[in-house]
Colleague: 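I'd like to ask some things about the structure below.
Order of the sequence lines sets the chain letters (A, B, ...), proteins ahead of strands, with each chain counted from 1. Excluded from the calculations below are hydrogen atoms, water molecules and symmetry mates; all remaining heavy atoms, backbone and side chain alike, are included.
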Amino acid sequence: MKVPKVFLKPYNSKLVEERIYQLWEKSGYFSPDKIRSKKKFLIFLPPPNVTGSLHLGHALNACISDILIRFKRMKGFKTLWLPGTDHAGIATQNVVEKKLKKEGKTRFDLGKENFLKRVWEWKEKYGNVILEQLKKIGASCDWKRTRFTMDKNYSLAVKEVFRYLWNRGWVYRGKRIVNWCPRCQTSLSDLELEYQEEKSCLYYIRYPIKKKSDSKSQLLTDKDQTPKYLVVATTRPETMFGDLAVAVNQKDKRYRNLIGEKVILPIVKREIPIIADKRVEIEFGTGAVKITPAHDPLDYEIYLDLVSKKKSKEFQNLFLEIPRIIDDSARICEPAPKKYQGLKVKEVRERVVEDLKKQGLIEKIEPYLHKVPLCYRCHSKIEPLLKEQWFLKMEELKKVAVEAVKSGKIKFVPKRWERIYFNWLKNVKDWCLSRQIWWGHQLPIWECATNGSEKWEVGGEKGGKREMRVEKKYFFSLEKPKKCPICGKCQPKQVEDVFDTWFSSSLWIFGTLNWPKTKKEINFWLPSDVLCTAKDIINLWVARMIFMTIEICHKIPFRDVLIHPTILTKEGKRMSKSLGTGIDPMDLIKDYGADALRFGIIWQYQENQDLRWSNDAVIAGQKFINKIWNASRFVFFQFDKKISLNFKKKSLSKCDKKILKELKKTKERIEVLIESYKLGKALRVFYQFFWNKFCDVYIEEYKKLDLKQKEKSKIVLGYVLFESLKIAHPFLPFASEEIYQHFKKFLKKPKSKLLLIERW
RNA sequence: GCGCGUGUAGCUCAGUUGGUUAGAGCGUCUCGGUGACAUCGAGGAGGUCGCAGGUUCGAGUCCUGCCACGCGCACCA
């Protein structure tokens with residue numbers, strides 16, 4: 001038989017990949033609906049942000065999942081790899097805002113409605129780029145089931161989950177120091193921060209001590225007297241206008257007798273008490289801390305303690321109102337002195353220090369290295385501000401999450417990542433759900449317009465004290481209410497805040513399975529088999545999916561959590577687009593082909609270690625694919641007529657028996673390795689078998705056989721190649737499928753139209 | 001400060017429960033177009049296995065300490 005013209009050397013991915021992918025898609029076998037089987041296998045694609053484009057990390061993730069899915073599909077499982085995208089609240093809003101900025105506009109110029117229109121337009125245009133890129137690397141997702149976190153049904157799921165949590169009494173409006181991004185103009189959760197080292201200063205400021213016996217305040221700054229100051233060390237002198245007290249440790253002998261006395265806050269000359277708190281570290285700075293409840297979480301807690309204990313009754317009147325002296329744009333505001341108002345925090349810091357110096361109130365300034373929190377989306381400096389936000393109580397949910405992993409129902413692979421998970425859950429604070437951006441799911445909470453009294457109560461456990469609003473003012477409603485259920489007469493307004501984007505992500509498992517419209521799919525599909533993801537979203541996403549899915553569906557979301565390594569640059573640095581250290585997988589596909597890229601990624605993928613990317617492995621992949629290609633050509637040249645792959649044991653030569661034995665061993669080993677996610681090793685085992693055993697040894701020995709034996713052995717030749725193609729397919733789907741399409745023509749009775757669905 | 005990970009050939013990495021001469025890919029060197037394959041074949045060079053101790057008949061592998069790099073968490077007044 002003639003070898004078809006397209007079967008030319010060398011292998012050319014450009015002539016193959018698109019055509020083959022269409023063949024697969026058209027066949028419908030990416031969908032589970034076409035597969036009849038009692039065994040099922042489900043993987044959820046971690047939904048990439050609509051702002052995203054594929055990087056090597058995504059590619060690694062996709063390769064692993066695709067190998068598992070393809071393997072299981074060939075094993076006869078009803079397989080579903082469910083894809084989708086995440087609306088990615090802040091990230092997406094920022095992208096569109098940046099675009100607007102180029103037009104010289106802000107989102108406020110457009111107004112909410114028009115701005116959201118623009119975001120939707122942007123999403124429709126660019127939101128699916130990453131999914132198209134996934135197709136290029138061969139991902140066999142069921143694209144018909146592609147979901148988006150703001151689909152109609154998904155949005156309903158968000159509301160229904162919230163209703164559930166609301167009815168459980170786990171949602172409350174609380175006052176707390178939140179991480180505020182002055183650029184994005186929103187609160188952020190602790191997990192949405194990045195930290196950066198910053199060289200700054202520790203300022204030692206003298207707070208004059210008010211004389212005890214004096215009824216009138218009198219500053220003790222006369223040079224003749226021994227000046228009596230309480231020296232406070234701070235990195236943020238500009239916040240001093242918000243000070244309500246100075247705290248010392250009761251065990252600190254230096255200050256013990258000062259507790260209960262008062263100091264004069266410099267510049268504004270306000271009297272504030274000296275209080276005791278055990279959280280003040282004696283060794284740090286001077287051992288005296290200024291307490292600024294509106295701008296520091298620890299200070300706020302100390303404040304709450306004082307208020308709730310009512311121990312310090314004499315200070316009560318000082319604590320009526322917490323002065324907030326930094327506004328939402330990180331500028332100094334009232335009640336700070338007029339001269340500083342409207343200026344940026346950093347500028348005021350310098351000015352305050354200057355002013356204090358003039359008054360001789362700066363004792364010393366030390367250089368100080370510390371980490372400052374940044375917004376993980378726009379990298380602006382976070383300003384801790386006292387704010388009212390919506391919180392979700394974590395007490396019960398965290399128990400659920402801990403139990404699921406501790407009991408072994410959910411396993412982390414490698415196991416050591418469990419520690420990260422448990423550690424976070426152990427210390428987790430209530431989840432700040434509300435964001436002050438526009439792009440996202442608006443909270444289904446409504447506000448009664450008539451009942452506006454302020455009633456707050458301090459509650460919560462130790463270390464997690466909070467102020468909670470207790471009076472009836474807000475209520476849950478799925479739709480716009482016709483009548484206010486609280487007062488019965490007003491027209492309630494929906495709260496403007498939207499959900500933390502990770503709140504909607506936490507419902508991914510069941511939101512994508514058409515809950516709440518139906519429970520059928522959940523019952524059929526859950527739990528999924530493995531979640532393949534990166535370590536940086538273990539808490540942000542994985543943990544939250546675990547408790548949410550168990551709480552809502554009473555089923556675990558997945559059995560295994562496969563944490564894959566991070567792909568680093570050759571220098572061991574993080575790949576980043578902005579630093580120009582990123583490598584675009586699409587470029588590699590152009591240069592070497594998708595299979596070569598997949599080979600390169602999986603070849604370098606070892607379970608434990610972050611990998612330093614090297615293109616060499618992709619080159620090796622290209623060579624290997626070409627090797628398979630050429631070996632196949634050789635095999636096909638042997639066929640002068642259609643054959644069947646059934647051989648008789650009697651007719652086998654010595655080398656036939658040997659290679660068949662090796663094949664069997666290889667196949668079994670690879671199966672075990674794939675099942676335990678050791679894909680890099682599996683690929684190497686196959687590589688060695690095919691190249692060293694099959695090509696180098698068996699084919700060479702075959703050539704030496706006499707004509708009569710060759711006639712019998714060519715069936716073995718074909719059989720081993722066929723089996724090899726099957727093994728190769730999950731790893732190198734395009735080339736193996738292309739070769740199979742040619743192979744089919746030489747077979748008397750080809751079982752399947754596609755290698756994709758050949759039985760492993 | 002606490003914890004985790006890593007350190008093996010020029011580069012990227014394997015190395016099972018301690019057991020001969022420490023492996024692969026890429027690169028490099030020599031030779032070779034011989035029935036698929038030069039994106040190939042045959043062969044070679046290249047390693048004090050981070051450092052220092054210890055356990056052992058025997059350590060890349062186990063223990064202790066140290067060094068270097070990376071990461072996470074806490075503190076961050």
Colleague: Choosing from B/A14, B/U12, B/A36, which nucleotide comes nearest the side chain of A/Gln606?
Modeller: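 Of all the options, the side chain of A/Gln606 is nearest to B/A14.
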Colleague: For residues 618-628 of chain A, run the donor-acceptor check on the side chains, cut-off 3.5 Å, and write out each pair with its distance to 0.1 Å, sequence neighbours left out.
Modeller:
| unit_1 | atom_1 | unit_2 | atom_2 | d |
| --- | --- | --- | --- | --- |
| A/Asn626 | OD1 | A/Tyr11 | N | 2.9 |

Colleague: Please determine whether any donor N or O and acceptor N or O are separated by less than 3.5 Å between the side chain of A/Gln638 and the base of B/A36.
Modeller: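 Counting by modelled atom types and ignoring angles, no donor-acceptor contact under 3.5 Å is found here.
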Colleague: A/Ser200 and A/His370: side-chain donor and acceptor closer than 3.5 Å?
Modeller: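 Short answer, yes.
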Colleague: Look at A/Gln609 and B/A14 and indicate whether a side-chain polar atom (N or O) is within less than 4.0 Å of OP1 or OP2.
Modeller: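 For B/A14, OP1/OP2 do have a side-chain N/O of A/Gln609 under 4.0 Å.
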Colleague: Rounding to an integer number of Å, can you tell me how far A/Leu568 CG sits from B/U6 P?
Modeller: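 Roughly 14 Å, once rounded to whole Å.
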Colleague: Do A/Arg574 and A/Asp610 sit within salt-bridge range, that is, some charged N less than 4.0 Å from a carboxylate O?
Modeller: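 Between A/Asp610 and A/Arg574 there is no salt bridge, as every charged N stays at least 4.0 Å from the carboxylate O atoms.
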Colleague: Is A/Lys681 close enough to B/U16 that one of its side-chain N or O atoms is under 4.0 Å from OP1 or OP2 there?
Modeller: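 Indeed not, no polar side-chain atom of A/Lys681 lies that close.
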Colleague: Look at all strands and tell whether A/Glu700 reaches a base, only sugar-phosphate, or nothing, counting heavy atoms closer than 4.0 Å.
Modeller: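 Here A/Glu700 touches the bases of the nucleic acid.
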Colleague: Please determine if A/Lys708 and A/Asp706 form a salt bridge, counting it only when a charged side-chain N lies under 4.0 Å from a carboxylate O.
Modeller: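 No, this pair does not count.
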Colleague: Taking any heavy-atom pair under 4.0 Å as a contact, classify A/Gln622: base, sugar-phosphate, or nothing.
Modeller: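 The residue A/Gln622 makes base contact.
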Colleague: Do A/Gln709 and A/Lys712 have side-chain atoms, one donor and one acceptor, less than 3.5 Å apart?
Modeller: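 Checked: A/Gln709/A/Lys712 side chains show no N/O donor-acceptor pair below 3.5 Å.
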Colleague: Compute both the distance and the angle, then confirm whether A/Lys364 meets the cation-pi test with A/Tyr204: under 6.0 Å from the six-membered ring centre, within 45 degrees of the axis.
Modeller: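 Yes, A/Lys364 and A/Tyr204 form such a contact.
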Colleague: How does RNA chain B look in dot-bracket form if you count Watson-Crick and G-U pairs under 3.5 Å, write [ ] for pairs that cross, and put | where a base pairs with another strand?
Modeller: (((((((..((((.....[...)))).(((((.......))))).....(((((..]....))))))))))))....
Colleague: Which residues pass the side chain to side chain donor-acceptor pair (under 3.5 Å) test with A/Trp431, not counting sequence neighbours?
Modeller: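 Counting only residues at least two positions away or on another chain, A/Trp431 forms a side chain to side chain donor-acceptor pair (under 3.5 Å) with A/Asp500.
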Colleague: Tell me which residues in residues 708-716 of chain A lie within less than 4.0 Å of RNA chain B, going by non-hydrogen atoms.
Modeller: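 Correct list: A/Lys710.
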Colleague: Name the nucleic acid region contacted by A/Lys573, choosing base, sugar-phosphate or nothing; use a 4.0 angstrom heavy-atom cut-off, strictly under.
Modeller: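 The answer is nothing, as A/Lys573 stays clear of every strand by at least 4.0 Å.
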Colleague: In Å, rounded to the nearest 0.5 Å, how long is the span from CZ of A/Arg324 to OG1 of A/Thr239?
Modeller: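 It is 13.5 Å, given to the nearest 0.5 Å.
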Colleague: Quick one: do A/Lys415 and A/Glu418 make a salt bridge, cutoff under 4.0 Å?
Modeller: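 Result for this pair is yes, salt bridge flagged.
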Colleague: Measure the distance from CD1 on A/Ile625 to C1' on B/A36 and round it to the nearest whole Å.
Modeller: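 So the CD1-C1' distance, A/Ile625 to B/A36, works out to 17 Å.
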Colleague: Taking atom types as modelled and ignoring hydrogens, do the side chains of A/Ser736 and A/Lys726 form a donor-acceptor contact shorter than 3.5 angstrom?
Modeller: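 The answer is no; no qualifying pair exists.
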Colleague: If we count only N and O atoms by modelled type, under 3.5 Å, do the side chains of A/Tyr376 and A/Glu192 hold a donor and an acceptor together?
Modeller: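 The answer is yes; a qualifying pair exists.
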Colleague: So, A/Asp656 and A/Tyr698: side-chain donor and acceptor under 3.5 Å apart, yes or no?
Modeller: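 There is such a pair between these side chains.
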Colleague: Can you measure A/Leu679 atom CG to B/A14 atom P for me and round it to whole angstrom units?
Modeller: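 Atom CG in A/Leu679 sits about 15 Å away from atom P in B/A14.
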Colleague: Spell out protein contact along nucleotides 71-77 of chain B as letters: B when the base is contacted, S when just the sugar-phosphate is, - when no protein heavy atom is under 4.0 Å; keep the 5' to 3' order.
Modeller: SSSB-BB
Colleague: Salt bridge or not for A/Glu197 and A/Lys371, using N-O below 4.0 Å?
Modeller: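 Between A/Lys371 and A/Glu197 there is no salt bridge, as every charged N stays at least 4.0 Å from the carboxylate O atoms.
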Colleague: Do any N or O atoms of the protein come closer than 3.5 Å to N or O atoms of nucleotides 22-26 of chain B, and which pairs are they?
Modeller:
| unit_1 | atom_1 | unit_2 | atom_2 | d |
| --- | --- | --- | --- | --- |
| B/C26 | O2' | A/Asp616 | OD1 | 3.1 |
| B/C26 | O2' | A/Asp616 | OD2 | 3.1 |

Colleague: Take atom OH of A/Tyr11 and atom P of B/U39, then tell me their distance rounded to the nearest Å.
Modeller: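 It is 17 Å, rounded to the nearest whole Å.
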Colleague: Output the distance between atom CG (A/Asn61) and atom CG (A/Leu56), rounded to the nearest 0.5 Å.
Modeller: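 CG of A/Leu56 is found 12.0 Å from CG of A/Asn61.
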